[in-house]
Protein chains: 2
Amino acid sequence: MLSRKIAESTVRRLAIYLRLLEEFDGKGAATLSSEVLARRAGTTSAQVRKDLSFFGSFGKRGLGYDARALAVQLRKILGLTRRYRVLLLGAGRLAGALVQYARFAESGFDIVAVVDKDPQKIGNRWGEVVVEDVKQLETLVREKHVEIAILVTPAESAQELVDRLITCGIHAVLNFAPVQLHVPDDVEVKNVNLAVELETLSYALHHHSAR
Amino acid sequence: MLSRKIAESTVRRLAIYLRLLEEFDGKGAATLSSEVLARRAGTTSAQVRKDLSFFGSFGKRGLGYDARALAVQLRKILGLTRRYRVLLLGAGRLAGALVQYARFAESGFDIVAVVDKDPQKIGNRWGEVVVEDVKQLETLVREKHVEIAILVTPAESAQELVDRLITCGIHAVLNFAPVQLHVPDDVEVKNVNLAVELETLSYALHHHSAR
DNA sequence: GGATGTGAAAAACTTCACAGCG
DNA sequence: CGCTGTGAAGTTTTTCACATCC
């Protein structure tokens, strides 16, 4: 369970290694070296070994890593040995795309509720769930035992909603709204901000991209 | 134009500062300190000043920064003084959500073409553009002077498509497909990987999130 | 007075290089 | 012999702290 602070960059790479291992396993390959994993993940073999070393020693010297066994370890490290109950805030197009995203359920994340404030959308069936009124937020979080919230609302309402989520005891938020959310230290927020990504690309193009 | 290498983290923060300044400007506020900007951006005042210092000195000692003037500078730095021509690869739900995303055009990015390989989708009108056959990729990139490609395809086809894009001279790719793309040094790729974000949240929850 | 701009110090992260083990 | 695991070295990024200037 490790209490030492692990760098976010390390955790992100572990998630990438896991994805690669799962592909690899599908192809029946049994064992692979940090060098091979690194090449596919776009990093270095030393980085792979260092990342893993924070959590244990999973390889065999002279041989490499057993793909399936390492995948099991990574799932444990990442907390993917159980399922998570997810609430979507906002029933727009992006939310629709996310619901449909196959890997979602596959990876262990179940969308157990969707809320919106638009009366037009409330009551619509979305796969297994029905879009509820955002007024029911607190009730839903409690009744459905929600652990992760995904914000797909306009920027204006995001902070207010996140405040309400925190009151209900939510500790993990994936935020697609283009605002910086202010939350206490024990709440984890990941931002996905399309504009920032595009503007980084624009920066790169502008500065010749001649690296 | 700066040739020194600037950290990606710095560029990302600049994009965030710009967004905040634009809001701020809307509210008529004229001047603000690095401290205020930092608080809103979720960083420190020293970080704000350091980030800006790589590109010049835009503030007045004892006073702070003029919101509008700083925004102008940041747009210059980020290369947002002109518009960019964007191609979408994949005409699925996520692509649809992106097209609709208002800030897109607002920020200076124009979707000039959409391609897919599904005959069902080819020919559909998407706002201003019609979905074209992916076979036409090379022709479209040339004729429409595409500069940025957004990959919203299944993982399997992503690498092949990016190879073709590079052959056409594309240097900037925003990749939503959950694979690591292999590209030469003069091509900039930004990855947006939903699974990685969720798994980082899962990691945080699993490890008590008690920081 | 008050906030910037910036060298210098500290911290975080990555790479090196090699001992150690299968 | 080959590849891991890991201290130590190197590099990058952040924070500190203060001289500087409006």
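Keep in mind it's a predicted model, so treat the numbers as computed, not measured. The figures that follow rest on heavy atoms only: side chains count, while hydrogens, waters and symmetry mates do not. Just so we're on the same page: letters track the sequence lines, and every chain starts at 1.
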Donor-acceptor under 3.5 Å (Asn193(A) side chain, Ala195(A) main chain) | yes

Calculate the interatomic distance between Phe54(A) atom CZ and dT4(D) atom C1'; express it in whole Å.
-> 15 Å

Can you check whether Ile148(B) reaches Arg85(B) side chain to side chain, under 4.5 Å on heavy atoms?
-> no

If you find the nucleotide of DNA chain C closest to Leu63(A) and the one closest to Thr10(A), which residue's nucleotide is nearer the 5' end?
-> Thr10(A)

Would you say Ser34(A) reaches dT4(D)'s phosphate, i.e. side-chain N/O to OP1/OP2 under 4.0 Å?
-> yes

Does a nitrogen or oxygen in the side chain of Thr44(B) sit under 4.0 Å from OP1 or OP2 of dT15(D)?
-> yes

Reckon Ser9(B) touches a base, only the sugar-phosphate, or nothing at all at heavy-atom distances under 4.0 Å?
-> sugar-phosphate

For Glu35(B) and dT15(D), what is the distance between atoms CD and C1' respectively, to the nearest whole Å?
-> 14 Å

Atom CD of Gln47(A) and atom P of dA12(C) are separated, to the nearest Å, by 16 Å

What is the distance from CZ of Phe58(A) to C1' of dG22(C), rounded to the nearest Å?
-> 18 Å

How do Gly62(A) and Ser53(A) order along DNA chain D: which one's closest nucleotide is nearer the 5' end?
-> Gly62(A)

Between CD of Glu8(A) and P of dT14(D) the distance, given in whole Å, is 13 Å

Choose from dG2(C), dG22(C), dT15(C) the nucleotide whose nearest atom is closest to any side-chain atom of Arg61(B).
-> dG2(C)

Flag this pair as yes if the NZ/CZ of Arg13(B) is under 6.0 angstrom from the six-membered ring centre of Tyr17(B) and inside a 45 degree cone about the axis; otherwise no.
-> no

Among dC3(D), dT6(C), dG22(C), the one nearest any side-chain atom of Lys60(A) is dG22(C)

Distance, rounded to the nearest Å, where Gln73(B) contributes CD and dG5(C) contributes P | 11 Å

Starting from P on dT14(D), measure out to CG on Asp51(B) and report it in whole angstrom.
-> 7 Å

Look at the side-chain N and O atoms of Tyr65(B) and state whether any lies under 4.0 Å from the OP1 or OP2 oxygen of dG5(C).
-> yes

Between Thr10(A) and Asp51(A): side-chain donor-acceptor atoms closer than 3.5 Å | yes

Quiz item: Arg49(B) side-chain donor-acceptor pair to dG5(C) base, under 3.5 Å = yes

Contact class for Ser45(B) (heavy atom, under 4.0 Å): base, sugar-phosphate, or nothing?
-> nothing

Whole-Å gap separating P (dT4(D)) and CZ (Phe55(A)) = 18 Å

Heavy atoms, side chains only, cut-off 4.5 Å: are Glu8(B) and Lys190(B) in contact?
-> yes

Compare the minimum distances between each of dG7(C), dT14(C), dT4(D) and the side chain of Lys50(B), then state the nucleotide with the smallest one.
-> dG7(C)

